[in-house]
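Because the structure is predicted, anything quoted here is derived from the model rather than measured.
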Amino acid sequence: MKKTISLVIIIGLVASLSYLIFEPEIAKGTAANADIGVLQTVTAEITLACDGSVNDLDPIPGMSGGTSDGSFSCTTTTNNDTGYSLRLRKAGLLCHGAGCVENQQFDDYPGPTDNPIHYNWQDAGAGAEYWGFNMTSGVDVTQRFRNASGPAAPCNTEGGVVTPGQCWVRIPTDSPGETVASRGIPTPVGGIASGFGVRIQAGSNNLLRSGNYTTTLVVTAAMN
């Protein structure tokens, strides 16, 4: 009987010592960690919303001449890290019907091949007619359409302001067109609005054919 009790005690001591020796190793094996990386790509997008037509253009007398001032606006929105550029061009001359011929078209301001930028609009002479544009508003308007302050302030002024009615230039036909606004960072959620002014003018002693003169302006917003 004593031998049996002693044996039980010995077995119990061995079991207890074994648990103390091996338990830490067993505990280490009850959990394991693995790091899983997450890489989600977000793509850049751009949207452009413009007025459907040039607003507020008035009729021009075809013989005695006159001036018509219109405007339109475009809003550009992008999440692109390097921002956007906004460009303007036209599909062709402003013409009556399908024929761009003498007395049925408005030439480029101040002529079809020249592209100066003028602080003040240069009036069309007798028998002449042309059209051009300027920028009237926008925080991203390029330097070319910004003028210094003061009388006859020059355009293309670094750090200048955008002044409605000033800094006129022709509307190009060739792609990609005239860059009118640009920024190097994403826009705010609501986008950035850019205002355009359009002036169409016929000089006196003219003989423009009566009717509607049409063309299409093309505004392009591209990510930088």
Side-chain angles (χ1 to χ4, degrees), residues 48-51 53-58 60 65-78 82-90 93-94 106-125 128-188 190-203 215 217-224:
L48 178 65
C50 295
D51 295 336
S53 61
V54 178
N55 304 308
D56 304 321
L57 290 174
D58 296 321
I60 294 176
T67 302
S68 179
D69 287 320
S71 64
F72 68 96
S73 178
C74 291
T75 299
T76 308
T77 308
T78 184
T82 53
Y84 75 96
S85 291
L86 190 68
R87 303 182 181 94
L88 173 69
R89 64 181 178 87
K90 64 180 183 300
L93 291 176
L94 186 62
F106 285 84
D107 293 327
D108 289 327
Y109 171 87
T113 59
D114 198 11
N115 190 23
I117 189 160
H118 296 137
Y119 178 72
N120 292 309
W121 175 267
Q122 307 297 298
D123 287 332
E129 56 281 325
Y130 45 66
W131 68 313
F133 86 103
N134 71 343
M135 298 302 295
T136 61
S137 63
V139 297
D140 292 341
V141 170
T142 56
Q143 177 180 313
R144 180 167 164 80
F145 296 93
R146 293 179 176 272
N147 60 274
S149 59
C155 299
N156 197 19
T157 299
E158 183 176 358
V161 297
V162 181
T163 306
Q166 311 299 340
C167 300
W168 296 94
V169 70
R170 71 181 179 91
I171 305 172
T173 304
D174 295 337
S175 182
E178 178 86 39
T179 299
V180 297
S182 183
R183 76 189 278 125
I185 58 176
T187 66
I192 296 294
S194 299
F196 297 74
V198 175
R199 177 166 290 181
I200 305 171
Q201 187 178 75
T215 189
L217 297 177
V218 180
V219 180
T220 303
M223 292 184 289
N224 291 334

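Looking at Asp58 and Ser68, their side chains never bring a donor and an acceptor atom within 3.5 Å of each other. Checking Thr163 against Asn147 by side-chain atom types alone, a donor-acceptor pair falls below 3.5 Å. Checked by atom type, the side-chain pair Thr173/Lys90 shows a donor-acceptor distance below 3.5 Å. Side chains of Gln201 and Asp123: a donor on one and an acceptor on the other come within 3.5 Å.
In this structure, Phe133 and Arg199 have side chains that are not in contact, with every pair of non-hydrogen atoms separated by 4.5 Å or more. Using a 4.5 Å heavy-atom threshold, the side chains of Ile60 and Ile200 count as touching. Contact annotation: the side chain of Cys167 never approaches that of Val169 to less than 4.5 Å [non-hydrogen atoms, C-beta and beyond]. Considering only heavy atoms from C-beta on, Val141 stays 4.5 Å or farther from Val180 through its side chain. Side chains of Trp131 and Phe106 form a contact here, defined as non-hydrogen atoms less than 4.5 Å apart. Side-chain contact between Leu88 and Val218: absent, with no pair of heavy atoms (C-beta onward) separated by less than 4.5 Å. In this structure, Thr136 and Phe196 have side chains that are not in contact, with every pair of non-hydrogen atoms separated by 4.5 Å or more. Within the 4.5 Å cutoff, no side-chain heavy atoms of Ser194 are placed close to those of Ser137.
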Check: Taking it one step at a time, do Val198 and Asp69 satisfy side-chain contact (heavy atoms from CB on, under 4.5 Å)?
Finding: CA-CA 6 Å; Val198 175; Asp69 287 320; over 6 Å; no
Margin query: Run Arg87 and Val219 through side-chain contact (heavy atoms from CB on, under 4.5 Å) and show every step you take.
Written below: CA-CA 6 Å; Arg87 303 182 181 94; Val219 180; over 6 Å; no
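The CG atom of Leu86 lies 7.0 Å from the SG atom of Cys50; values are rounded to the nearest 0.5 Å. In this structure, the separation between CG on Asp107 and CG on Leu93 is 6.5 Å, given to the nearest 0.5 Å. Interatomic distance, His118 NE2 to Gln166 CD, rounded to the nearest 0.5 Å: 12.5 Å. With values rounded to the nearest 0.5 angstrom, Phe145 atom CZ is found 9.0 Å from Cys155 atom SG. Here the CD atom belonging to Glu129 is positioned 15.0 Å from the OH atom belonging to Tyr109, to the nearest 0.5 angstrom. Here the CZ atom belonging to Arg144 is positioned 7.0 Å from the CG atom belonging to Asn156, to the nearest 0.5 angstrom.
Across every non-hydrogen atom of Leu48 and Cys74, the tightest pair is CD1-CB, 3.9 Å. Listed here is the closest heavy atom pair of Ser182 and Asn224: OG-ND2, 3.9 Å. Listed here is the closest heavy atom pair of Thr76 and Ala221: CG2-CB, 3.9 Å.
Using modelled atom types, one side-chain atom of Thr142 and one backbone atom of Thr179 make a donor-acceptor pair closer than 3.5 Å. Within the 3.5 Å criterion, the main-chain N or O of Thr78 finds a donor-acceptor partner in the side chain of Thr187.
Between Arg146 and Glu158 there is no salt bridge, since no side-chain nitrogen of the basic residue lies less than 4.0 Å from a carboxylate oxygen of the acidic one.
Residues meeting the ring pair (Phe, Tyr, Trp, His ring centres under 6.0 Å) test with Trp168, sequence neighbours left out: Trp121.
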